[in-house]
There are 2 protein chains.
Amino acid sequence: MQENHSKTHITIHDIARELNISASTVSRALQNNPRISIHTRTTVRELAQKYNYQPNVLASSLRKGQGNTVGVIIPRINRNFFSNVIGGMEEVLSDAGYNLMICQTYEKFNKEVAAVQTLINARVNAIIMSLSMETRSTEHIRHLKNKNIRLLFFDRTCEQVPSSSVTTDDEQGAFLAVKHLIDNGYRKIVHIAGADHINIYRNRKNGYLRAMRENGIDVRKEWIMHRGMVLEGGKEAFQTFSSWDERPDAVFCAGDYAALGIISAARQKSVRIPEDLGVVGFSNEPFTEFIEPSLTSVDQKGEEMGRIVAGQFLKQSGENTPDEIIETRILKPELLIRASSVCKTK
Amino acid sequence: MQENHSKTHITIHDIARELNISASTVSRALQNNPRISIHTRTTVRELAQKYNYQPNVLASSLRKGQGNTVGVIIPRINRNFFSNVIGGMEEVLSDAGYNLMICQTYEKFNKEVAAVQTLINARVNAIIMSLSMETRSTEHIRHLKNKNIRLLFFDRTCEQVPSSSVTTDDEQGAFLAVKHLIDNGYRKIVHIAGADHINIYRNRKNGYLRAMRENGIDVRKEWIMHRGMVLEGGKEAFQTFSSWDERPDAVFCAGDYAALGIISAARQKSVRIPEDLGVVGFSNEPFTEFIEPSLTSVDQKGEEMGRIVAGQFLKQSGENTPDEIIETRILKPELLIRASSVCKTK
DNA sequence: TCATTTGGTACAATCGATTGCACAATCTAT
DNA sequence: ATAGATTGTGCAATCGATTGTACCAAATGA
């Protein structure tokens, strides 16, 4: 009998052969199955240790019909908010023995469909996702439950498919932001809004509207400016409202990059911030506290969101009840007041 | 015969049964094997399409002994540089049909060991990693090759284990940065340096020294200030050199956050940048272009690094040669000149 | 016409771990 | 002493896809 030292991986059969027992006994011994004698169990474990045996998760997952992998689908990983969320999820899930498989959609619907498919093929236990901007149909995620794959959302959720989710109270965040502007004496407040079919942007707009309504300020139609949440979106909006007869005195942006565009365009035109124009953003991107003037923004607590949604999944998979528990968490956002919105002379 | 619509996944056996052929024929038909008649091939494909058949990658990987997953080990995902690298890798690898499995070490050695083990168990095709700060031993990655798992490094590499890698030429980046300061009339240039046992910081210091030497500037001992690469490190350094009899006229920081600290402290003391003090950072963090004044910095091209290291892996796995090709790429960093270091009156 | 090639398909083993069931050996109770 | 329970282990099927080989049938060649 010749030992094969070139073997790439040790299997339970190798251990079984060496101990003259069957592979099934080895398998049970490693699982600490009480039906195996203590003596056999320890012998097996010792040998496994000695050879640094590592179970083949592919085989085990195939047999059990379930792996130990959670799929994550996000628009882009190199965006501060999303990488924070992933950091939070990883923290919780890796302790629980799960691996993360990450797919990016780049905000494209077809990439999202492909990602879902990929994760189904990989037989993940769950998919945790934040919808792409383009996503309107939900056909691609409808049938996950039949396939025994849990589905959870964070941030950009989907009302049509009932699932656990964690979101920020965007409406409240926007409300706080706008109320803060009003409290600081601003009245003619424009809103740079995101696409209406995305819940977060819709909610932010609603928060804006409520704050204005509750303070008796009429919102003119043109004050709601739908733009891309990018630098150019802000710049373009600034150009537009600069030409109005009655110019706004503040801007609430549904995203920090748009706010940055406003600030940048305002500087070029020598419009002072916050004296001539108050600005508030949303998301608390890392740059917001460092730019000049520092930008007031709404923090979304990405890491916490990741930890919570991961916890929701663990709770579900812990239960043996086939009918899953749906838990919807809405996190309270925090308004971080900085220089761009506080004007002593107002 | 009753159809089972509650089946979670369609298999080749389901298709075989329905067409009264064997599973192996289905398998070959789906692989477009020429030994299967055209007619059978199309029939199978059509049915597969109809049922939206998706192969079980677990089963296929198990059989083939190799999956389609690449493991990535990084210190932290929510750091701009690393998430950029991952973005770049994902871009290349997902097109090539690979999934990414990401593990974080949080700069801890034992977390790194565990991550390697996890990825071995998952039978990844390769591990692409950037070492944790704590890592000094290489026992945990030595035996990957025996296990038929490729190993590649980026940024923080490991000389002891020969493997393909991509790094930035930190020495050169620092040299360019300091040369740029000198060219702009600065002479008394202080260097805020990082920990000496980390190669990237050591290299940056060497670049600084070479630029100074080549331009005939004597570097005083106290000009090299070892500080943490954080905001406070910069602030503290500023306080320190402010009290010197002969104050420096510029600072080259091995990290952007330290540079930010310098700028922030300088503003408080009404020291003008770049007139009174030139500042250059390193890493091109997202905030650098938005702060006031915008910060000159050295870009490390994270995305490109990710794309290249992913490409190196693809090249290796494309070859059938068992002895792998080792390719070491050193990327030329790019100095992004902004307001903090260019002074017209100098 | 018989032998041989070629085309098309099926069988069965395999990857590694898991698990229902069978079975032998030992022990307990009557 | 025999029926029944208990303990410890092995056999073999299973998860789903892949692949070497065997096989039958039709086609070709001599």
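Chain naming here is simple, since letters A, B, ... match the order of the sequence lines and numbering starts at 1 in each. The basis for the numbers below is simple: all heavy atoms, side chains too, and nothing from hydrogens, waters or symmetry mates. For clarity, every value in this text was computed on a predicted model and none was experimentally measured.
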Interatomic distance where [atom1] belongs to [X] and [atom2] belongs to [N] [whole Å]:
X: K64(A); N: dG16(C); atom1: NZ; atom2: P; value: 17 Å
X: N121(B); N: dA17(C); atom1: CG; atom2: P; value: 10 Å
X: Y53(B); N: dG16(D); atom1: OH; atom2: P; value: 10 Å
X: D14(B); N: dC15(D); atom1: CG; atom2: P; value: 10 Å
X: R123(B); N: dC15(C); atom1: CZ; atom2: P; value: 13 Å
X: I12(A); N: dA17(C); atom1: CD1; atom2: C1'; value: 5 Å
X: I10(B); N: dA17(D); atom1: CD1; atom2: C1'; value: 15 Å
X: L62(B); N: dT19(D); atom1: CG; atom2: C1'; value: 14 Å

Separation of [Y] [atom2] from [X] [atom1] (nearest 0.5 Å):
X: M89(B); Y: N84(B); atom1: CE; atom2: CG; answer: 11.5 Å
X: T138(A); Y: E159(A); atom1: OG1; atom2: CD; answer: 10.5 Å
X: S130(A); Y: D155(A); atom1: OG; atom2: CG; answer: 4.5 Å

Using a 3.5 Å cut-off and no angle test, enumerate the donor-acceptor pairs between side-chain atoms of residues 26-34 of chain B and protein atoms at least two apart in sequence or in another chain.
| from | atom 1 | to | atom 2 | distance (Å) |
| --- | --- | --- | --- | --- |
| S27(B) | OG | Q31(B) | NE2 | 3.0 |
| Q31(B) | NE2 | S27(B) | O | 3.1 |
| N32(B) | OD1 | R41(B) | NH1 | 3.1 |
| N32(B) | OD1 | R45(B) | NH1 | 3.3 |
| N33(B) | OD1 | R35(B) | N | 2.8 |

Can you build the contact string for nucleotides 8-13 of chain C? Use B for base contact, S for sugar-phosphate-only contact, and - for no protein heavy atom under 4.0 Å. BBBBBB
Hey, is the side chain of Q31(A) poking within less than 4.0 Å of OP1 or OP2 on dA17(C), counting only N and O atoms?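 Checking dA17(C) against Q31(A), no side-chain N or O comes under 4.0 Å of OP1 or OP2.
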With a 4.5 Å limit on heavy-atom distance, are the side chains of I74(B) and I86(B) in contact?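 Counting from C-beta outward, I74(B) and I86(B) do come under 4.5 Å.
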Y53(A)/H9(A) aromatic ring centres below 6.0 Å: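 Ring-ring flag for Y53(A)/H9(A): false, centres at least 6.0 Å apart.
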Any base atoms under 4.0 Å from S27(B), or only sugar-phosphate, or nothing? Heavy atoms, all strands.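 Base, at least one base atom sits under 4.0 Å.
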Of the nucleotides dG16(C), dA17(D), dT19(C), which has the atom closest to the N56(A) side chain?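 When the side chain of N56(A) is considered, dG16(C) is the closest of dG16(C), dA17(D), dT19(C).
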Got a sec, which residues hit salt bridge (Lys or Arg N to Asp or Glu O under 4.0 Å) with R79(A), two or more places apart in sequence or on another chain?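 Scan of R79(A) (salt bridge (Lys or Arg N to Asp or Glu O under 4.0 Å), adjacent residues dropped) gives E107(A).
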